[in-house]
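Keep in mind that this is a model prediction, so the values were computed, not measured. In what follows, every heavy atom counts, from backbone to side chain, and hydrogens, waters and symmetry copies are set aside.
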Amino acid sequence: MEKRKDNEGEIEKEEANNSLVLFSALRKDIANVLDFLERLKNEENQKALDVDQAEKLKSELAFICTYVQLSYSNLKLFEYVMTAKGQKVENLLLSILHYVENNVGGIYDMHHVLASLRENINHCISSHHRSKSSATMLEEQLNFLLLNLHHISKFLAEHKFPLVTQYEILQNVCGNVRDFHGLIVNGCIEHEIVEYVLPQFQLMAERVGHFLWEDHIDEDSQLSKLDENDQTDENAQLSELDENDQTDENAQLSELDEDDQTDEDSQLSELDEDDQTDEDSQLCELDEDDQTDENTQLSELDEDDQNDKTSRLFKLAHLLLKIIPTELEVMHICYTNLKASTSAEVGHFIKKLLETSPDMLREYLIHLQEHMVTVITPSTSGARNIHVMMEFLLIILSDMPKDFIHHDKLFDLLARVGALTKEVSTLVRDLEEKLRNKEGTDETNRATLDLQENIELLKRDLKHVYLKAPNSSQCRFPMSDGPLFMHLLHIHLNDLLDSNAYSIALIKEEIGMVKEDLESIRSVLMNIEQELYKDLWARVLDLAYEAKDVIDSVIVRDNGLLHLIFSLPNIIKKIKLIKEDISNLHEKIPKSRGLVVVNSTKKSVESKSLTTGKIIVGFEEETNLILRKLISGPTDLDVISITGMPGSGKTTLAYKVYNDKSISSHFDLRAWCTIDQGYDEKKLLEKIFNQVSDSDSKLSENIDVADKLRKQLYGKRYLIVLDDLWDTATWDDLTRPFPLVEKGSRIILTTRKKEVALHGKLYTDPLNLRVLRREESWELLEKRAFGKESCPDELLDVGTEIAENCKGLPLVVDLIAGVIAGREKKRSVWLEVLNNLHSFILKNEVEVMKVIEISYDHLPDHLKPCLLHFASRPKDSATTIFELEAVWLAEGFVEKTEMKSMEEVVKIYLDDLISSSLVICFNEIGDNPTCQIHDLVHDFCLIKAREEKLFDLSDFLPRQITIDDEEHFVLNFDLFGSNKKRHSGKHLYSLRINGDELDDCLSDACHLRHLRLLRVLYLDINVRDSLLNEICMLNHLRFLFIETKVESLPLSFSNLWNLESLSVYNEESTLVLLPRIWDLLKLRQLAVNACSFFDLDADESIVIAEDTKLEKLRILGNLMLSYSKDTEDIFKRLPNLQVLSLELKESWDYSTEQYWFPKLDFLTELEDLTVDFERSNTNDSGSSATINRPWDFHFPSSLKILSLGEFPLTSDSLSTIARLLNLEELTLYYTIIQGEEWKMGEEDTFENLKYLELHQVTLARWEVGEESFPALEKLKLRRCHMLEEIPPNFGDIYSLKSIKLVESPHLEDSAMKIKEYAEDMRGGDELQILGRKNIPLFK
């Protein structure tokens, strides 16, 4: 027995010696090849050496050497891959020989070397079966392995993945460890100093080797797209494998075989135990589990991250987390033992270490952060302290090495940062292990408390020891609207203080001081006379702008170290000095001076010309309506208000009716008064008095003009036009003298502000002026261009297209008509105008934009950014109210108030913008309300937004960018490149990337993690795992839209605690929300194409903490539901839900013998509910009578909008719906109605229903009572093929305005009969019968 063991030992020893001999021969051949390549560079009479080919050859040789050494690791497909590599080496070498002079090849006898190389490669490959692991490599072997790993990683970093930072870091780690090991081998470092760390080098080399092997044979399609030139014969050979074999092999390549990995790890565990100290174990981030099975540790990551395992970048990041601690230990040895070394080699290495280590440590901490949020919830005790320390270290590392750090202190600073990094790493691993083992974390939490003290100590030393104080500099405020900037800054600082972000923790106190002092200064300066203190105001704006830049720069780590240590404290001092200067201003302000808003942009308006030659067309219906209101109607005084957007023709229409003959003969007195913004009440009243008294004489100063005007108007029938009135106070002042006598007097009011029109209303509702119709626009353009003549036929089509492109705004039509009127009446000339219409409008900016600017200037500061934001969307695009609400909140345009919810504040903002006539609202009943702005207003907003630095990447601090195509992406690639520390987009607040064609652009080379101020992120592309991890680090995000493929919200989503709106398009699966969703406490809107609270196929009960709630959530959809006792408990934790969309999977409740429907009556705020019923092939009860069972509906009484799809409904179920007293809109689609009959009795009264839509319902007979729909305004029937007729009783509903029929031609006769009956009963033509696209149906 012992003899056999001795024989086996002798055999193994002999095989090991043979392997060494073979490898030695291979190394000799490779050395000859490398020598040949080197000498070839120096040949004078040779063809140019293909450098790329030479580098590829060197890399392939390094690859072969590496994996011959690591062949004991039982690498998958070893023989196949290595054989292919050998063939590739031969092909490359032959190719190089072909391109050089024949005698050069002969001199070096390279064909002989090539033959020997081929033979030795094959011998080494075939001998790998006999290779066995050794616990420890010889120093020379390890040194050669490290050399080749460095060469491979260098080739990858420089040639295959030059834009991927992680490969550059891998190259530097391998290079530094190899160089350090070389110093050991060469005797430059005493062996005793480094003995404990040597096993880590071999372990690191094996890990890097395994990663590079997997990376090489990975069939990831993205890899092939990065560089087509890198697709060598190897891939062609791989593709020639038998299809079934290749499928099996690729499956094997996707993850290491468990048994093989165990073998490898058991070999690693055979390292001498004395060499594995506790410190060494921590630095390598290994515990007992790591030593046993590295793959097991990978599998112990949070389950939510399992999809990331297939990502190359994820694997590389995990590798860096494993190997960079070895670099930390090298730094520690150099600082503690080698700093004073006189060796030139050591000195050179330390210099290189100083150059490469900051980036290495920075990348390490970033990956450690990302790893931490995937395994440790933010609420875990001690986690926040660790994150704050990492933020602090990253600020330092992002600025190392810089010239403002004392050079002689750089190594000392790097060593301190390295030591703190090691401490943080140990704490993270300790916390992770205790959570995994469900142990208490109190001890770790106490250890994290020391981190804050370390931060303060290092901050003090940074200021007094390590850093040079910077020269003072002064920022200049680059925008034009100071008050607008101060308003946005106020919201921004409030949001930062409320964000609870780790980066804010370092400067939260300072942000609070800046906010408080600037608010104090602003409150004073906004109410003093501009001209007296404009220099002071300019200083404040410069300083406020600088404060914002500095605070944001610290957060995004852009020169953050200098700003944190010097700039921010200096700014606070400057602000306090200005605050002291301003505190005494009130005493210096002359009491006689009125208060004028500083930096006001209000401009006086020139009086509008009312020339009799003005061409007036269109608005015939409106003209006749106003004429009727002026002549007939109440005998009391009445006000006819005309509202509309700038340039819509309000004044023109008023002028048209004012000069109508019937009006001039009907009224005793008439007067027209245009109100300038800087109006003088007495002068305006005097102007009116002179017109009604037919006098031009100037009244003396002491005359009471109002009294004289009242007496002049008294007893007369008068018409007074108040044109372009802006506020209610002016209305009250001017109308006070008008007598309220019963003579049929009238006032015509034109205003852009609906608020003013409603304030002045007496009897008649304000008329909101529409835009011109297409034919009206053409009529105006034709008359303006040709006078009384007609347009030639050859210009007709071009002319009508020009008119249509003016978008119905009379101001623009008139402007363009003036352009073409002065040009030749040729088709080519008109086509030039058509093709350059936009530029012609903007050339007349003084005329056009001034009209809009006046309205803009009247807006309060808080509404201006909301209006300008419309310009970030394409022209002619409508935005839903829900989206506006989400984006305005996310962008930081809405200020928090204590008395109102944010949704209520948004509604007030929007109502005010609509009232200003700058925003158009489409709120047709039955449709989702939307808003948009006119193209001309869009042009103005875009110009103004760029002026105020809200958009556009060319600005110093852009707020927003939208990327719609690949060309735009390439132009802005520096936003996403990971190999730059400074990015032009670091201060970006909003990023939108649209289009599936950009999926491939966002490759592994693209990163978002440095966009740390991002509040809005809209990615209409497939988000891969590594990018999703980065997104979850952006904890200032308020709005997120992504497309992805995950089964549940990952744990890292807990880091997005400021998120308010989340939209996910999740391909191929239903997204499980729990438990992650409970961490998003600020969430207001959640929209997923398909989501569920928990796995619908799982039977496990959900355990939820008693106080867990999402009190701010208002919108939730599209939720998949099936019967669960936990469902109602979850809904109770969403108490303020207003909009809910469900897909209800068929579930039979045996206890009630009914379909199960969730109880929702406790959702007292719910207003909008959509439920789709998903029927199974066979219902749970198996009874064919289940369709006739009534639903046990429990709807909340607050419900206003209800949509039910594919439900089987009985009369009782419909009666339950009818009892919803607040219901205004009801839609039933693909609904099965019991017996195909709906008989509505007296109790079936929809008291407040305004909109009813039936879409392909199984309804044949419908009986409606007289009071069934007392408030109905719109009935829509779509594809109701079974319905015999529309019940005639609809003709008795006086509120009914329209019946719309879509794909239901058989119902047109009954609809027309209802219309005729209604006209007979009501008089007039108020009931419309509409078809598709709201086209009226006539018979």
Note to self: For K1315, is there an ion pair with E1319 - N to carboxylate O distance below 4.0 angstrom?
What the structure shows: yes
Next item on the list: Show the numbers, then the answer: is there a salt bridge (Lys or Arg N to Asp or Glu O under 4.0 Å) between E1303 and R1332?
Entry: CA-CA 8 Å; E1303 298 181 56; R1332 188 186 294 274; 3.2 Å; yes
Note to self: Can you tell whether the side chains of K1313 and D1309 come within less than 4.0 Å, N to carboxylate O?
What the structure shows: no
Notebook entry, point to check: Would you say P1158 and L1144 make side-chain contact, with heavy atoms under 4.5 Å?
Noted result: yes
Notebook entry, point to check: Which value, rounded to the nearest 0.5 Å, describes the distance between L1277 atom CG and H1306 atom NE2?
Noted result: 8.5 Å
Checklist line | Closest contact, heavy atoms only, R746 versus L637 | finding: N-CD1, 3.9 Å
Notebook entry, point to check: Can E1225 and K1250 be counted as an ion pair, charged N to O under 4.0 angstrom?
Noted result: no
Notebook entry, point to check: Parallel, tilted or perpendicular: which describes the rings of F1269 and W1238, with under 30° parallel and over 60° perpendicular?
Noted result: perpendicular
Check: So, T1210 and S1213: side-chain donor and acceptor under 3.5 Å apart, yes or no?
Finding: yes
Check: Hey, is K1274 close enough to E1253 for a salt bridge, meaning N to O under 4.0 Å?
Finding: no
Check: Is any side-chain heavy atom of L910 less than 4.5 Å from a side-chain heavy atom of W888?
Finding: yes
Notebook entry, point to check: Any donor-acceptor pair under 3.5 Å linking the side chain of T751 with the backbone of A757?
Noted result: no
Note to self: With a 4.0 Å cut-off on N to O distance, would you call E1167 and R1114 a salt bridge?
What the structure shows: no
Margin query: Between I1329 and E1308, is the side-chain contact (heavy atoms from CB on, under 4.5 Å) condition met? List the steps.
Written below: CA-CA 8 Å; I1329 309 300; E1308 291 179 9; over 6 Å; no
Margin query: For a side-chain contact (heavy atoms from CB on, under 4.5 Å) check, start with the C-alpha distance between F1193 and L1160, then their side-chain angles and the critical distance, and finish with the verdict.
Written below: CA-CA 8 Å; F1193 288 136; L1160 303 173; over 6 Å; no
Item checked: Non-hydrogen side-chain atoms of K1159 and F1131 separated by less than 4.5 Å -> no
Notebook entry, point to check: Of the non-hydrogen atoms in P739 and Y718, which two are nearest, and what is the gap between them?
Noted result: O-OH, 2.8 Å
Checklist line | Shortest non-hydrogen contact between F667 and R717, atoms and distance | finding: CD2-CG, 3.5 Å
Check: Quick check: does any side chain N or O of K650 sit under 3.5 Å from a backbone N or O of I642, one acting as donor and the other as acceptor?
Finding: no
Item checked: Reported OG1-to-CG distance for the pair T750 and L769, which is rounded to 0.5 angstrom -> 10.5 Å
Next item on the list: Kindly compute the distance separating CD (E1236) from CZ (R1261), expressed to the nearest 0.5 Å.
Entry: 6.5 Å
Check: What do the steps show when you test I1286 against L1301 for side-chain contact (heavy atoms from CB on, under 4.5 Å), and what is the final call?
Finding: CA-CA 11 Å; I1286 305 173; L1301 304 176; 4.0 Å; yes
Item checked: F1195 and F1157 aromatic centres sub-6.0 Å -> yes
Notebook entry, point to check: Is K761 salt-bridged to D765, cutoff N-O under 4.0 Å?
Noted result: yes
Checklist line | Pairwise side-chain contact, L1137 with L1113, heavy-atom cut-off 4.5 Å (strictly under) | finding: yes
Note to self: Just checking E1266: does its CD atom have more than 12 heavy atoms from other residues, nucleotides or ligands closer to it than 6.0 angstrom?
What the structure shows: no
Item checked: Side-chain heavy atoms of V906 within contact of L884, under 4.5 Å -> no
Check: So is R670 actually on top of Y658's ring, under 6.0 Å and inside 45° of the axis?
Finding: yes
Note to self: Please determine whether the number of non-hydrogen atoms from other residues, nucleotides or ligands lying under 6.0 Å from atom NZ of K629 exceeds 12.
What the structure shows: no
Margin query: If you apply the rule side-chain contact (heavy atoms from CB on, under 4.5 Å), what do you find for F882 with V1139, and how did you get there?
Written below: CA-CA 10 Å; F882 292 136; V1139 180; 3.8 Å; yes
Notebook entry, point to check: Are any non-hydrogen side-chain atoms of L722 and T735 less than 4.5 angstrom apart?
Noted result: yes
Margin query: Tell me whether N1222 contacts the main-chain N or O of S1197 through its side chain, where contact means a donor paired with an acceptor under 3.5 Å.
Written below: yes
Notebook entry, point to check: Is it true that atom CD of E1242 has more than 12 heavy atoms of other residues, nucleotides or ligands lying nearer than 6.0 Å?
Noted result: no
Next item on the list: Compare every heavy atom of I1232 with every heavy atom of T1258, then report the nearest pair and how far apart it is.
Entry: OG1-CA, 3.0 Å
Note to self: For a quick test of reading the model, state the closest non-hydrogen atom pair linking I1293 to P1270 and the distance between them.
What the structure shows: CG2-O, 4.4 Å
Item checked: Gap separating the OG atom of S1268 from the CD atom of E1243, nearest 0.5 angstrom -> 9.0 Å
Item checked: Candidate pair R1084 and E903, rule salt bridge (Lys or Arg N to Asp or Glu O under 4.0 Å), full reasoning -> CA-CA 9 Å; R1084 297 175 182 277; E903 288 77 13; 2.8 Å; yes
Item checked: Any side-chain heavy-atom pair of L630 and I640 under 4.5 Å -> yes
Margin query: Between D1244 and S1215, is there a side-chain heavy-atom distance shorter than 4.5 Å?
Written below: yes
Note to self: Quick check for you: to the nearest 0.5 Å, what is the distance between Y655 atom OH and T652 atom OG1?
What the structure shows: 10.0 Å
Check: Side chains of D660 and S662: donor-acceptor distance under 3.5 Å anywhere?
Finding: yes
Margin query: Working to the nearest 0.5 angstrom, can you tell me the gap between I1201 CD1 and L1220 CG?
Written below: 13.0 Å
Note to self: Can you give me the closest heavy-atom contact between S648 and F619, atom names plus distance?
What the structure shows: O-CZ, 3.6 Å
Note to self: If we check ring-ring contact (aromatic ring centres under 6.0 Å, His included) with F1173, which of these qualifies: W1156, Y1229, W1191?
What the structure shows: W1191
